[in-house]
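Worksheet: one structure, shown below.
Numbering starts at 1 and runs along the sequence shown. Please read all numbers here as calculations on a predicted model, not as lab measurements. Order of listing sets the numbers, starting from 1, for every ligand and every atom in it.
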Amino acid sequence: MQTVVSGIRPTGNLHLGNYFGAVKNFLRMQNEYNCYFFIADYHSLTTHPTPENLHNNVKQVLAEYLACGLDPEKSTIYIQSDVPAVAEMALLMSMNAYLGELERTTSFKDKARQQPDNVNAGLLNYPVLMACDILIHRADKVPVGKDQEQNLEMTRKFANRFNHMYKQDYFKIPQSFNYGEALVKIPGLDGSGKMGKSEGNGIFLVDEPKPLRKKVMSAVTDSGPTEPNSPVSEPVQNLFTLMEVVSTPDTLQFFKDKYASCEIRYGDLKKQLAEDIILFNTPIREKIEDIKANTVYLNKVVNMGREKAQESAEKTLRDIREIIGIKHF
Ligand code: TRP
């Protein structure tokens, strides 16, 4: 069975875009692949979170993924810092990563611009640590979005370089994961573009019904269709797209017909959409709260993941130490 590795940044809450994009794919992958999903807390230190924030964010993200259905019996779900072998591997691999290539990565340049007072060496070394996250489990596939493609390319570069340098075929060269079908792109509520964390257009799984209704009611629309079957503008199409994922086909058809016959009232559509999102969110939101309150369960999940991930990671680390020439007398 092929191995999949994916890192999850412990920042922010999951929104519907994350759910119908990444998370839904994870749920499918865990049935078909040997999956390692981990929370990238070492990586998040590059932005200097406070200790409380770091811990709470890790816990929140873990609870949210578990509530969505990530299953610790099917996949290895772990916290990156529970497997310090990856840190040693990153030290070893950093000897063959060059300053020039690290400085040239887009994510480093972006971060250096965003946080000019904190251009730390961890940011520079980010692609090396990420490569080790992947290579330490000898992954075949990595599900990455557009913004992470360059990091995966660096991973392949480091793996090839290591293989070449030590004249071994040790590392598999990981490929980006692709289910071969276009992902549903979940739009935001602001009329254009994708739902995002920072765009302020997101509907989060943890949103309570009242503020959620308010958000949906304030979604951008247009002045309405003026003649039968007039083309649908982007903001209105976005609301239909959201309906497609949370409402029944009948509901969607009802509003599409109303649109086609120019009888649509956007207020009614938004009200229905908000209620359907609430129906979708509520069980997940309640589960997130239950899981967060269940320390015994969380401990069990984290311990299980740590054990499985350590076993796989330590085996790789032993091999590469040996290949490099760090040997016992
Ligand atoms: N850099 C990834 C992100 O920002 C998170 C990540 C860290 C990751 N290590 C990884 C993703 C390994 C895939 C594989 O989203």
Under 3.5 Å, N/O to N/O: give me all the pairs between ligand 1 and the protein, one per line with atom names and distance.
{"residue": "ligand 1", "atom": "1 (N)", "partner": "Tyr126", "partner atom": "OH", "Å": "2.7"}
{"residue": "ligand 1", "atom": "1 (N)", "partner": "Gln148", "partner atom": "OE1", "Å": "2.8"}
{"residue": "ligand 1", "atom": "4 (O)", "partner": "Arg9", "partner atom": "NE", "Å": "2.7"}
{"residue": "ligand 1", "atom": "4 (O)", "partner": "Arg9", "partner atom": "NH2", "Å": "3.4"}
{"residue": "ligand 1", "atom": "4 (O)", "partner": "Tyr126", "partner atom": "OH", "Å": "3.3"}
{"residue": "ligand 1", "atom": "4 (O)", "partner": "Gln148", "partner atom": "NE2", "Å": "3.2"}
{"residue": "ligand 1", "atom": "9 (N)", "partner": "Asp133", "partner atom": "OD2", "Å": "2.8"}
{"residue": "ligand 1", "atom": "15 (O)", "partner": "Arg9", "partner atom": "NE", "Å": "3.2"}
{"residue": "ligand 1", "atom": "15 (O)", "partner": "Arg9", "partner atom": "NH2", "Å": "3.3"}

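Considering only heavy atoms from C-beta on, Arg213 comes within 4.5 Å of Ile278 through its side chain. Inter-residue side-chain proximity for Arg285 and Pro209 is flagged as met; some heavy-atom pair is nearer than 4.5 Å.
Screening residues 111-143 for ring pair (Phe, Tyr, Trp, His ring centres under 6.0 Å) gives Tyr36-His137, His43-Tyr126, Tyr78-His137 as the qualifying pairs, with residues at least two apart or on separate chains. For the side chain to side chain donor-acceptor pair (under 3.5 Å) condition, the pairs that include at least one residue of residues 85-99, sequence neighbours left out, are Glu88-Arg321.
Between Tyr166 and Phe162, the ring planes are tilted. Angles from 30° to 60° get that label.
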Output side-chain donor-acceptor pairs under 3.5 Å for residues 225-236, partner residues at least two apart or in another chain, one line each.
{"residue": "Ser230", "atom": "OG", "partner": "Glu227", "partner atom": "O", "Å": "3.0"}
{"residue": "Ser233", "atom": "OG", "partner": "Asp222", "partner atom": "OD2", "Å": "2.6"}

